[in-house]
Every structure is written in C-alpha cells, then in structure tokens.
Amino acid sequence: MAYDTNNIFAKILRGEIPNDTVYEDEHVLAFRDIRPQARVHVLLIPKGAYESLEDFSAKASEAEIVAFTRAIATVSKLAGTDVTGYRAIANTGADGHQEVPHFHLHLLGGQRIGRMVSLPE
Ligand code: DGP
C-alpha cells in the first residue's frame, strides 16, 4: 500500500494542523495525543513517510532508527515518566487497530496503565 500523504500526521508534519509539541529534532516529532487515554499520552512519530512500525522497521535508515529510539528516552524525561514508568504501544495494521497510517508510538503514563491487552469477546 502506498503511503497516504493526506493522513493527519502528515498534515501535522507539514504544519497544516497545529499540535502540542513535546519534542522535535531532525528526524522525530513528539506531541500530545488529541484524545488522551492517560494523564500522560504523547505520540512519537518519525518525520519520514512510513505508514506503520512494520514499514519503519523494514525501510527506515539507521540514522532515523537511532534518532527515533533515542527520542523515546528524551520524551519520557520531558513528560516525567522516566522514573514512574509508562507503556509504549505501536498499533500496527488492521489487527493492531491502527487508525492513522503514519507510524506512531503511543507513550502512556502518569498513572497505572492497567492490563496489557484487551481482546474482543
Ligand atoms: P492509532 O489508533 O494507534 O492509529 O492512534 C491514533 C491516535 O492519534 C489516537 O490516539 C488519536 C490521535 N490523533 C488523531 N488525530 C489527531 C490530531 O489531529 N492531533 C493529535 N494530537 N492526535 C490525533
């Protein structure tokens, strides 16, 4: 599937839609989720056009992968979850219930997050 340049995170990256930025560097943008599901709910996205974790993992450059991984700890410190902990989630594809087709990592914390997975009945 081709990357959809009109997805909402592509629009955020182009500055067409505002966001509450937590951190930004050459390769990464982190911003607060518009529908927070925990006291801390930040999304980390690569600036490159990757539709999912699967796509990013297979195709991103080493520089992009290093920058993204390093940004997790940076953002966690900025969000205050580096000591208390958090959950990182990358919903991927249809079974993973991914809604926005631009790779993003949810960082959820600021409180106890609960059980890991809830499967439909
Ligand atoms: P996922 O289901 O993993 O694709 O999660 C998509 C997340 O993106 C969801 O938690 C809500 C968030 N989101 C959707 N549109 C916007 C937006 O315009 N701004 C921000 N900050 N977050 C958004």
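Ligands are counted one by one from 1 in listed order, and the atoms in each one are counted from 1 as well.
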- [ ] Classify the ring geometry between Tyr3 and His102 as parallel (under 30°), tilted (30 to 60°) or perpendicular (over 60°).
- [x] perpendicular
Task: Within-shell test, Ile12 vs ligand 1, heavy atom, strictly < 4.0 Å - done: yes
- [ ] Using a strict cut-off of 4.0 Å, indicate which atoms of ligand 1 neighbour a heavy atom of Glu99.
- [x] 1 (P), 2 (O), 4 (O)
Open item on the list: Measuring from atom CG of Asp25 to atom NZ of Lys47, what distance do you get when rounded to the nearest 0.5 angstrom?
Closed with: 6.5 Å
TODO: Tell me which protein heavy atom sits closest to atom 8 (O) of ligand 1, plus the residue, atom name and distance to 0.1 Å.
DONE: Phe9 CZ, 3.4 Å
- [ ] For Glu16, look at atom CD and say whether over 12 heavy atoms of other residues, nucleotides or ligands are found less than 6.0 Å away.
- [x] yes
TODO: Apply the side chain to side chain contact (heavy atoms under 4.5 Å, CB included) test between Tyr86 and each candidate in Ile72, Leu108, Val42; give the one that qualifies.
DONE: Ile72
- [ ] Take every heavy atom of Asp33, measure it against each atom of ligand 1, and state whether any distance is under 4.0 Å.
- [x] yes
Open item on the list: Out of all atoms in ligand 1, which are within 4.0 Å of some heavy atom of Arg35? Include the element for each.
Closed with: 9 (C), 11 (C)
Open item on the list: If we set the cut-off at 4.0 Å for heavy atoms, which region of Ile34 has an atom near ligand 1: side chain, backbone, both, or neither?
Closed with: both
Open item on the list: Minimum distance, heavy atoms only, to atom 1 (P) of ligand 1: which one of His102, His104, Gln98, His41 is it?
Closed with: His104
- [ ] Show which atoms of ligand 1 fall inside a sub-4.0 Å distance from at least one heavy-atom site of Phe31.
- [x] 20 (C), 21 (N)
Open item on the list: Below 30° counts as parallel, above 60° as perpendicular, anything between as tilted: where do the rings of Phe9 and His104 land?
Closed with: perpendicular
Task: Cationic N near anionic O, under 4.0 Å, Glu64 to Lys59 - done: no
TODO: Check each of Leu44, Ile89, Asn91 against Leu105 using the side chain to side chain contact (heavy atoms under 4.5 Å, CB included) test, and report the only one that passes.
DONE: Leu44
Open item on the list: Using heavy atoms and a 4.0 Å limit, tell me yes or no: is His106 in contact with ligand 1?
Closed with: yes
TODO: Have a look at ligand 1 and work out which part of His97, if any, has a heavy atom under 4.0 Å from it: side chain, backbone, both or neither.
DONE: backbone
TODO: Give the residue, atom name and distance (to 0.1 Å) of the protein heavy atom nearest atom 21 (N) of ligand 1.
DONE: Arg32 O, 2.9 Å
Open item on the list: Can you confirm whether Glu51 sits close enough to Asp4 that some side-chain heavy atom of one is under 4.5 Å from a side-chain heavy atom of the other?
Closed with: no
TODO: Measure from the side-chain N and O atoms of Thr81 to the backbone N and O of Lys77, and report whether any donor-acceptor pair falls under 3.5 Å.
DONE: no
- [ ] For Asn91, take its heavy atoms, then give the atoms of ligand 1 lying under 4.0 Å from any of them.
- [x] 1 (P), 2 (O), 3 (O)
TODO: Within a distance under 4.0 Å of any heavy atom of Ile8, pick out the atoms of ligand 1 and give their elements.
DONE: 15 (N), 18 (O)
